[in-house]
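Counting from 1, the numbers follow the sequence of the chain as shown. One-based numbering, in listed order, for ligands and for the atoms of each.
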Amino acid sequence: MAIGLDDVVAAETALSDVDGLAGRLTIRGRSLDQLAGRTSAEDILALLFGDLFDAEPTPAALGTARAEIFFRFARAVPDLRDLPVYDAVRALVARLPDDTSLETALLLVAAPAVLVPALLRQRDGLEPIAPDPRLGHAADVLRMMGRAADRAEAAGLDTYLVTVADHGLNASTFAARVVASTQAGLTSSVLAAYGALKGPLHGGAPGPVLDMLDAVGSPDRAEPVLRDMLDRGERLMGFGHRIYRVRDPRADALKGALGKLPPSPRTELALATEAVALTLLRQKKPDRPLETNVEFFTALLLDALGFPREAFTSVFAVGRMAGWIAHAREQALSGRLIRPKSRYVGPLPRAAA
Ligand code: ACO
């Protein structure tokens, strides 16, 4: 029996496939290597939604949804100033209609994209910036952050959103499918998925990657600091993966996006640290392929695009929302309730005397 469901096939999907041995992520028949850097957040949304709804999610409809979210929630943002960004996003998303329409799906995709910048600006004592529905999704998010973002930055965020849009049956996606299998609405399904991101075991490493780089401080200290960490039995943040054994294609995609932004001292420190980490891991664990994972370059790219580390989990949801909704829809359309069994290991009732 597989406690934790390792290797159990719990769904059939035409959405994405994670091939750990080949180091390949396939999304609806296209590899991430083909998609990242060449497609936008809107493209990946259209690809994932496919024929799961009765109309296409056009860029104009997504822009309208961003404006609608701002209109509904801009006045509620100041009331949530004492909550962490993650919790405030969850509270506001819960107020959306809970049905299975494309309109609701687009409001859900737009919600974290609009709310994360508004909440961050509110935290800094600044007025939220209204979206511009005519802009591309990624460019508009950066604009709402108050960034005079150039084309390279918007392309960098597009690459991030495409790269994290879907990834097989991970914990949050499975949570979305379980709820959708009861024929609940999309908002209930994605809130379950969003809840699964809260724990540090799923999507929780980008913040610690930056903490590790802070501890390294400068490229010349990478060798002694990382060697000490390994000698103490600690793990290097942003390295290794449960499924990917040869490479994490998402790390390559994000590294490519980072390379198109102007170099910064932190990027230089990170690249030097990565090189030292890979060398040390090969020496210390020669039998175990431990490569750079998605979290390492997520941390650097989001940091370079101006997102603070406490918002990383919610920014991840800006991208993954597309996958959660597509999986929820696919599961609901299959009509099959997910209802596994448990094995009882408690005491048996005492026999009557
Ligand atoms: N640094 C140092 N040693 C490591 C690392 C690491 N990052 N990752 C694995 N190892 C070592 C383990 O200590 C273990 O050594 P041992 O056999 O001598 O005890 C060996 O490699 C295998 O470890 P496992 O736990 O079996 O590796 P697994 O593949 O199950 O773990 C995991 C994957 C949890 C991601 C791990 O590599 C890790 O903790 N990495 C650091 C945290 C991190 O980057 N998390 C984000 C992952 S990406 C994502 O979640 C989307």
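Ligand 1 places these atoms under 4.0 Å from at least one heavy atom of G238: 43 (C), 44 (O). Of all atoms in ligand 1, numbered sequentially from 1 with element shown, those under 4.0 Å from a heavy atom of L230 are 2 (C). Near V294, meaning under 4.0 Å from any of its heavy atoms, are these atoms of ligand 1: 51 (C).
Outside the 6.0 Å centre-distance limit, the rings of F312 and F307 are not counted as a close aromatic pair. Remark: aromatic rings of H167 and Y244 are close, center separation under 6.0 Å.
Residue contact check for ligand 1: R245 places a non-hydrogen atom closer than 4.0 Å to it. Ligand 1 is never approached by D248 to a heavy-atom distance shorter than 4.0 Å. L281 counts as a contact of ligand 1, since one of its heavy atoms falls under 4.0 Å from the ligand.
Of all the listed residues (L280, I243, L236), L236 holds the heavy atom that lies closest to atom 7 (N) of ligand 1. For atom 16 (P) of ligand 1, the nearest non-hydrogen atom from the set M229, K285, E234 comes from K285. Nearest to atom 28 (P) of ligand 1 by heavy-atom distance, out of R288, H241, R235, is R288.
S314 and Y194 form a side-chain donor-acceptor contact under 3.5 Å, judged by distance and modelled atom types alone.
Taking any N or O of F239, backbone or side chain, at least one lies under 3.5 Å from an N or O belonging to ligand 1. Taking only nitrogen or oxygen atoms, main chain and side chain alike, R250 does not reach within less than 3.5 Å of ligand 1. Distances between N or O atoms of L290 and those of ligand 1 include no value under 3.5 Å.
Ion pairing between a basic and an acidic side chain is recognised when a charged N comes within 4.0 Å of a carboxylate O; R247 and D33 show such pairing. Salt bridge status for D17 with R24: absent, with no side-chain N to carboxylate O gap under 4.0 Å.
Note that OG1 of T267 is 7.5 Å distant from CG of L261, once rounded to the nearest 0.5 Å.
Two residues are said to be in side-chain contact when any heavy atoms from C-beta on lie closer than 4.5 Å; T273 and L213 meet this criterion. Taking 4.5 Å as the limit, every side-chain heavy atom of L161 sits out of range of all side-chain heavy atoms of I44.
Cation-pi geometry between R329 and F49 is not met at under 6.0 angstrom from the ring centre and within 45 degrees of the axis.
Using a 4.0 Å cut-off between heavy atoms, H167 makes no contact with ligand 1 at all.
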